[in-house]
4 protein chains.
Amino acid sequence: MTPKPDSSRRGDLAQTLLDAAIDVFAERTYEGTQMPAVAQRAQVGVGTIYRYFPSKEALGNAAFQYAKGGLLAEYRAAVAEGGPTTSTREEFSRLWRGFARYTAAHHNAFVFLEHQQHDTFLAPESQALAAELDAFAADFILSGQLSGEIRDGDPKLLISMALGAFAGLLKHVGPGGLATLTPDQLAQAEQAVWALLHREASA
Amino acid sequence: MTPKPDSSRRGDLAQTLLDAAIDVFAERTYEGTQMPAVAQRAQVGVGTIYRYFPSKEALGNAAFQYAKGGLLAEYRAAVAEGGPTTSTREEFSRLWRGFARYTAAHHNAFVFLEHQQHDTFLAPESQALAAELDAFAADFILSGQLSGEIRDGDPKLLISMALGAFAGLLKHVGPGGLATLTPDQLAQAEQAVWALLHREASA
Amino acid sequence: MTPKPDSSRRGDLAQTLLDAAIDVFAERTYEGTQMPAVAQRAQVGVGTIYRYFPSKEALGNAAFQYAKGGLLAEYRAAVAEGGPTTSTREEFSRLWRGFARYTAAHHNAFVFLEHQQHDTFLAPESQALAAELDAFAADFILSGQLSGEIRDGDPKLLISMALGAFAGLLKHVGPGGLATLTPDQLAQAEQAVWALLHREASA
Amino acid sequence: MTPKPDSSRRGDLAQTLLDAAIDVFAERTYEGTQMPAVAQRAQVGVGTIYRYFPSKEALGNAAFQYAKGGLLAEYRAAVAEGGPTTSTREEFSRLWRGFARYTAAHHNAFVFLEHQQHDTFLAPESQALAAELDAFAADFILSGQLSGEIRDGDPKLLISMALGAFAGLLKHVGPGGLATLTPDQLAQAEQAVWALLHREASA
DNA sequence: TATGAATGAGGATTCATTCAT
DNA sequence: AATGAATGAATCCTCATTCAT
């Protein structure tokens with residue numbers, strides 16, 4: 001009833017916990033993170049975490065799914081907004097903005113997701129979500145190849161490389177996120193990744 | 001008691017241990033790996049590891065330095081071989097072959113190195129080695145920019161993106177390594193990464 | 001906020017709590033029982049228990065004393081009722097009925113009491129009450145031995161065995177209590193325990 | 001090769017652990033016992049327990065099965081020894097001696113077994129073993145009833161009562177075991193339990 | 001007055017490291 | 001020199017207890 005004197009927490013402790021977990025996992029790795037560290041980041045007692053997630057593994061998977069799901073949503077929103085796309089380059093631009101927007105708000109989430117490849121703790125559900133995102137991205141590549149705007153090759157390979165380049169960009173800017181770049185630098189980076197995908201004139 | 005039937009080992013058990021450690025660290029993360037797992041991979045008893053490395057942390061650092069150092073050496077060898085370079089594109093090609101050769105022999109080493117960014121266990125020495133490699137790479141970019149062949153922008157940013165793209169490529173091919181690609185596919189991938197770096201005609 | 005729909009409770013919530021505690025302790029052991037389990041059985045919130053008992057230990061002792069006290073009271077009532085006893089056999093019969101009546105109403109209480117022997121949580125007060133009951137029982141044996149109706153031997157030993165046999169009977173019938181036996185079966189059981197105590201003709 | 005300087009442990013740490021667990025469980029209940037207490041009793045580090053038993057629950061079940069199995073074995077040995085039995089009374093005597101012998105060596109094991117009735121941790125395997133022992137005992141009663149030497153009634157009920165009486169006897173003598181009784185007292189106790197079972201002349 | 005979400009001390013379990021063989 | 005059983009500090013997780021509502 002009265003606004004909490006201590007903090008903005010409340011109502012969605014689960015959400016707070018997820019955010020805290022993603023932050024700490026991104027910084028120290030899932031396996032390298034101890035539950036008390038998550039609790040501390042969330043300003044909560046350790047026991048509290050267990051009221052919302054039955055185990056560290058469950059927390060890890062929930063965090064993964066939340067992050068991956070958020071990225072997928074942002075992705076879709078970015079593509080949808082602004083009506084039908086006229087060119088693959090334009091669509092790429094929208095995706096780029098989607099990424100940029102997502103990582104602006106969730107820098108650590110993206111870093112956390114990048115970690116997970118050799119994962120020991122991801123449940124089938126989590127992996128299914130990852131696959132969904134991959135499929136979405138592969139579709140984009142494929143239609144770009146059909147229209148002749150994207151270079152030949154296995155769509156998944158191209159996606160993997162483009163995503164890797166984007167991840168490299170984020171790794172470079174560090175925790176500050178893309179905001180540390182000038183609009184000009186950002187445009188250059190976008191152009192560079194597009195060049196990676198773009199079918200070249202001759203050879 | 002009886003001499004090991006599978007000889008081959010001997011003298012450089014340390015090397016065997018390093019290789020085993022890199023493999024397992026790459027698969028399961030440094031923090032997610034238990035010493036017995038390393039011992040098992042190396043086909044030795046746990047105790048034996050401690051005759052060569054004083055601690056898990058020491059083993060981790062030795063593995064890191066071995067991997068990073070090997071990459072740097074391969075890098076330098078690739079650039080040196082075949083006499084003076086005529087163009088940045090040609091030098092890039094040599095670097096690419098160096099990378100390809102290195103990852104062919106040490107796929108897991110590269111994966112392991114990619115993990116380490118938020119590292120908790122890396123000693124200053126290890127970090128210095130990493131910086132050396134970065135500097136080497138930045139030099140390449142810089143001279144390419146001076147000759148007008150590489151696009152403008154912070155060299156470190158470009159390196160980070162190119163390296164990310166290469167990492168994405170490796171992630172895509174998986175444990176089989178680059179050998180799973182046809183020469184043609186490999187050439188395409190090389191060309192794509194070059195496009196990321198290459199200064200474009202107009203803009 | 002709204003008055004409890006299931007009234008009945010009220011005033012002696014403490015009593016409800018005691019009953020719930022005894023039930024759950026009997027089923028799962030004192031140490032094996034969590035406070036929320038007691039609360040749930042009593043249909044109250046956990047916090048409520050603490051308004052009536054300062055701690056789990058206090059609750060355990062209160063439950064113990066309530067159970068032991070109730071048994072002792074039933075015991076005494078059974079002996080008193082029906083005027084002066086004519087024979088030890090007759091007195092035994094009254095005690096048996098006392099037991100039977102008590103366990104009919106408080107099956108779990110008896111089971112709970114049987115558990116407590118190696119107790120870590122029993123306060124001196126609780127132990128004193130237990131001793132009082134033992135003394136009462138020993139008196140019965142002793143006077144029976146004096147009148148020649150009960151076999152020789154340490155009264156406490158005989159009590160312990162007779163009580164053990166009764167406990168075995170209850171364990172056999174399970175949670176349904178003695179009500180699951182026919183009157184005939186019950187009489188037989190009584191006779192068997194009496195035989196355990198009864199001094200035999202020759203030897 | 002050289003006899004251990006420190007203790008007689010070795011070769012069967014698992015056995016030592018089982019004995020220690022039974023002791024402590026008997027004194028403090030399974031749920032009331034902490035792993036360090038078991039470790040201390042066994043003169044071992046906590047971690048060592050987990051090299052032999054995967055969890056506290058597994059240890060509890062192993063202890064239960066070891067105790068119950070030992071009792072069953074002693075039971076069978078006692079019946080077999082001395083050739084065919086001539087009377088139920090004689091067979092009872094052998095069983096009694098079996099019990100006495102078992103509890104002499106394993107007083108705590110018997111106490112521990114007596115605890116387990118409302119068990120939360122017993123695996124189906126453990127319960128099966130318990131049932132086997134019950135069946136064995138019921139057989140004895142049944143054949144005694146057929147020969148007219150044992151009183152009528154549900155064999156399981158009678159067993160339960162006799163066993164309860166025996167348990168009461170042990171509870172009375174305490175940790176010292178039956179050795180604290182004179183042969184005469186022991187004979188009296190045996191006779192008392194027999195009286196519980198024995199079919200009486202008239203009524 | 002009753003509640004149950006939040007807490008952190010305490011208990012179960014793991015794992016880097018030692019050391020007797 | 002190599003080993004792996006033993007160890008206990010560090011981790012995950014539970015649960016008695018508190019306290020804001």
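Numbered from 1 within each chain, the chains take letters A, B, ... in sequence-line order.
Judged by closest nucleotide on DNA chain E, V46(A) is the one of P36(B) and V46(A) placed further toward the 5' end. Looking at which nucleotide of DNA chain F each of G45(B) and P54(C) is closest to, the 5′-most match is held by G45(B). The residue among M35(C) and G47(D) whose nearest nucleotide of DNA chain F lies closer to the 5′ end is G47(D).
Remark: the T29(A) side chain and the E31(B) side chain contain no N/O donor-acceptor pair separated by less than 3.5 Å.
The ring-ring contact (aromatic ring centres under 6.0 Å, His included) test with F25(C) singles out one residue from F64(C), Y30(C), F121(C), and that residue is Y30(C).
Relative to the six-membered ring of Y50(C), K56(C) misses at least one condition, a distance below 6.0 Å or an angle of at most 45° to the axis.
Put simply, the side chain of H107(C) gets close to the backbone of G174(C): a donor and an acceptor are under 3.5 Å apart. With hydrogens and angles ignored, the 3.5 Å screen pairs a side-chain donor or acceptor of N61(B) with a backbone N or O of A123(B).
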| task | Test side chain to side chain contact (heavy atoms under 4.5 Å, CB included) on K68(B) and L113(B) and set out the steps. | result | CA-CA 7 Å; K68(B) 207 79 169 186; L113(B) 290 177; 3.8 Å; yes
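Per the geometry, OH belonging to Y30(B) stands 14 Å off P belonging to dC15(E), to the nearest Å. Rounding to whole angstrom units, CD of residue E31(B) and C1' of dA10(F) are separated by 14 Å. At whole-Å resolution of the value, CD in Q40(D) and P in dA6(F) are 18 Å apart. To the nearest angstrom, P of dC15(F) lies 17 Å from CG of L59(C). Rounded to an integer number of Å, the gap from CD1 of I49(B) to C1' of dA1(F) is 15 Å. Rounding to whole angstrom units, CZ of residue F121(C) and P of dA16(F) are separated by 13 Å. Distance, L17(C) CG to dA16(F) P: 15 Å, rounded to whole Å. Atom pair L13(D):CG and dT7(F):C1' shows a separation of 12 Å (rounding to whole Å applied).
For Y50(A), taking side-chain heavy atoms from C-beta onward, the closest of the listed nucleotides dT7(F), dC13(F), dA2(F) is dC13(F). If you check dA16(E), dA5(E), dT13(E) against the side chain of S55(D), the one that comes closest is dT13(E). Considering only the side chain of R51(A), dG4(E) comes nearest among dA2(E), dG4(E), dA16(F). Listed candidates were dA16(F), dT11(F), dA6(F). Nearest to the side chain of K56(C) is dA16(F).
Taking 4.5 Å as the limit, some side-chain heavy atom of E27(A) sits within range of a side-chain heavy atom of R41(A).
The phosphate of dA5(E) has neither OP1 nor OP2 within less than 4.0 Å of any side-chain N or O from Y52(A).
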Its dot-bracket string being built from Watson-Crick and G-U pairs below 3.5 Å, with | for another strand and [ ] for crossing, DNA chain E has the pattern .||||||||||||||||||||
